[in-house]
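The structure is given below, and queries will be raised subsequently.
In the text below, chain A, chain B and the rest are named by the order of the sequence lines, each starting its count at 1. Computed from a predicted model, the values in this text were never measured in an experiment.
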Number of protein chains: 2
Amino acid sequence: MTPGPNVFAAIASPRRREILRLVWRDELSAGAIHQAMPDVTFGAVSLQLRQLEAAGLVESRGEKQFRYYRARHKALGPVARMLERMWDDALWRLKLAAELEASRRGPKARKRKRRKSK
Amino acid sequence: MTPGPNVFAAIASPRRREILRLVWRDELSAGAIHQAMPDVTFGAVSLQLRQLEAAGLVESRGEKQFRYYRARHKALGPVARMLERMWDDALWRLKLAAELEASRRGPKARKRKRRKSK
DNA sequence: CTACTATTTTAGTTTAATCTAAATTACAAC
DNA sequence: GTTGTAATTTAGATTAAACTAAAATAGTAG
C-alpha cells in the first residue's frame, strides 16, 4: 500500500508523467492516449502504459476491442498532490504566456475575449 | 520554491536516493559519502552529487580542503516524508531479518540482549 | 616552490531506457 | 471462415544515463 521505490522510477520520465496527466481525471483508451501524443508511436505508448501499470500507477479495464486506462491516485501517495500542483502551474504558465503574446500583438487587446479567430 | 520536474528524475536513481539518505540528518564530506558506497568510484559519487545539487536537493559548503553536503528537505516537499518512511521501513525490515536470524540460531536466544560478540 | 590530500572534471566505455517498425494477439462485424 | 480495428509484443536501433580511469583543480602544509 505504501508506494515503493519503483514509483520514483515510474514518474521520472516526462512521457509517463504526461500519460499520467491524461488519465488523471478521465478514463482513456490506449488509442486516445496515443492521439494526444502524436510524436511517438502507438507501440511506445503501450510500453509506457505497461510500466505505469507494473508500478501500480494506473489500472486498466478491457471493453470490446478497447482497453481503458486511469490513474490510481492513491498509489502515488503524497506525490499525487505534487504532480497536480505541477500541472496546474504549467497551465498557469501557458495562460500567462498567452496573455504576454496578446499584449505583444497590441497592448489594447489585452484581456479582451477572443472572437471566432481572425 | 515549488519542486520542479527535475526533482523526479533526481530521486529516480537508487544511487542518488542512497546519497540523499546519507546526508539527510548529518552533513558529510564527499569523501565520507564515498566511503559509505565502496562499490563505486569517487568520481561517480561526485557526478551524482552535482546532479543532486543541480536539482536543489542538496547544498554544499566548502571548508578547508573538504566539501560538506547536506540534504535540503524542503526542496523535496511532500516527498521528504515519503522517503523517510521508506528508509524507516527498510530499517524495520533489517531488524525483522535480524530477529529471524536469531531465532533460527536458537529460539531460546530470541529477544535477549546481545553481549560483546559471541 | 613542492608534496600531499580532497574533490572535480573530462573523455571514453558500458549499461540501461526508449523508440521504431513489423509481427502478433484479441475482439467485432460480416 | 475473412476483413477491419485496437492494442500488445518482439527484435533491433537509437538515445541517454551511469560508470571508470586518468587528468585537472583547489586548498593545506611544509
In a check of side chain to side chain contact (heavy atoms under 4.5 Å, CB included) between B:Q48 and each of B:R15, B:M37, B:E53, which one passes?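 Going through the options one by one, the only one that passes is B:R15.
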
Among D:dA7, C:dT7, D:dT28, the nucleotide that comes nearest once only the side chain of B:F66 is considered: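 Closest of the options to the side chain of B:F66: C:dT7.
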
Looking at the side chain of B:F42, which of C:dT9, C:dC19, C:dT8 is the nearest nucleotide?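 Nearest listed nucleotide: C:dT8.
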
Report the nucleotide, chosen from D:dC19, C:dT7, D:dT9, that has the shortest atom-to-atom distance to any side-chain atom of B:A30.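 Of D:dC19, C:dT7, D:dT9, C:dT7 is nearest to the side chain of B:A30.
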
Between D:dT28, D:dT9, D:dA7, which nucleotide gets closest to the side-chain atoms of A:L47?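 Nearest nucleotide to the side chain: D:dT9.
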
By the 4.0 Å heavy-atom rule, please label B:V40 as base, sugar-phosphate, or nothing.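 If one applies the 4.0 Å heavy-atom cut-off, B:V40 turns out to touch the sugar-phosphate alone, with no base involved.
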
Just how far, in rounded Å, is C1' of C:dA6 from NE2 of B:H34?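 It works out to 12 Å between those atoms.
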
Mind checking B:G43 for me? I need base, sugar-phosphate or nothing, with any heavy atom below 4.0 Å counting as a touch.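 Answer is base: heavy atoms of B:G43 come under 4.0 Å of a base.
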
How would you label the contact of B:Q51 with the nucleic acid (heavy atoms, under 4.0 Å): base, sugar-phosphate, or nothing?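 B:Q51: backbone/sugar contact only, no base atoms under 4.0 Å.
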
How close or far is atom C1' of C:dT9 from atom CD of B:E53, stated in whole angstroms?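 Whole-Å distance recorded here is 15 Å.
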
A:R72 side chain vs A:V58 backbone, donor-acceptor pair below 3.5 Å: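 Checking the backbone N and O of A:V58 against the side chain of A:R72, no donor-acceptor pair under 3.5 Å is found.
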
Looking at the side chain of A:S46, which of C:dC19, C:dT9, D:dT9 is the nearest nucleotide?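 The closest nucleotide is D:dT9.
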
Spacing between A:I33 atom CD1 and D:dA7 atom P, to the nearest angstrom: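 Those two atoms, CD1 and P, are 9 Å apart.
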
Answer yes or no: does a side-chain N or O of B:Q48 lie under 4.0 Å from OP1 or OP2 of D:dA17?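 False: B:Q48 side-chain N/O out of range (4.0 Å or more) of D:dA17 OP1/OP2.
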
When we call it a touch if two heavy atoms are under 4.0 Å apart, what does A:A44 touch: a base, just sugar-phosphate, or nothing?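 Result for A:A44 = base.
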
Gap between atoms CD and P, on B:E63 and D:dA26 respectively (whole Å):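 Rounded to whole Å, this separation is 19 Å.
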
Least distance between heavy atoms, A:R85 atom then B:P78 atom: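 Smallest interatomic distance, heavy atoms only, reads NH2-CG, 4.0 Å.
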
D:dA7 phosphate, OP1 or OP2, under 4.0 Å from A:S29 side-chain N/O: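 So the side-chain polar atoms of A:S29 do come within 4.0 Å of the phosphate oxygens OP1 or OP2 of D:dA7, strictly under.
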
Out of C:dT20, D:dA6, D:dT28, which has the shortest distance to the side chain of B:Q65?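 The listed nucleotide nearest to B:Q65's side chain is D:dT28.
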
Salt bridge or not for A:R67 and A:E27, using N-O below 4.0 Å?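 The answer is no: the pair does not qualify as a salt bridge.
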
Calculate the interatomic distance between A:M37 atom CE and C:dT18 atom P; express it in whole Å.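 Roughly 13 Å, once rounded to whole Å.
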
Nearest whole angstrom, please: distance from the P of C:dA28 to the CZ of A:R67.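 Computing the A:R67:CZ to C:dA28:P distance gives 13 Å.
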
Does the plane of the ring in A:W87 sit parallel, tilted or perpendicular to the ring in A:W24? Use 30° and 60° as the thresholds.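 Rings of A:W87 and A:W24: perpendicular, as their planes differ by over 60°.
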
Does a side-chain N or O from A:R16 land closer than 4.0 Å to OP1 or OP2 of C:dA17, or not?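 Indeed not, no polar side-chain atom of A:R16 lies that close.
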
Side chain of B:T41, heavy atoms from C-beta onward: which of C:dT18, D:dA21, C:dT10 has the nearest atom to it?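 Selected nucleotide (nearest to the side chain): D:dA21.
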
Give the rounded distance in Å between these two atoms: CZ of B:R17 and P of D:dA17.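 Rounding to the nearest Å, CZ of B:R17 and P of D:dA17 are 16 Å apart.
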
Under 4.0 Å from OP1 or OP2 of D:dA17: is there any side-chain N or O of B:R15 that close?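 No.
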
Determine yes or no for a side-chain-to-main-chain donor-acceptor pair under 3.5 angstrom, with B:H34 supplying the side chain and B:V40 the backbone.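 Yes; at least one donor-acceptor contact below 3.5 Å.
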
So what does B:Y69 hit on the nucleic acid, given a heavy-atom distance under 4.0 Å: a base, only sugar-phosphate, or nothing?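 Sugar-phosphate contact only.
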
A:R50 CZ to C:dA17 C1': how many Å, rounded?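 These atoms are roughly 14 Å apart.
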
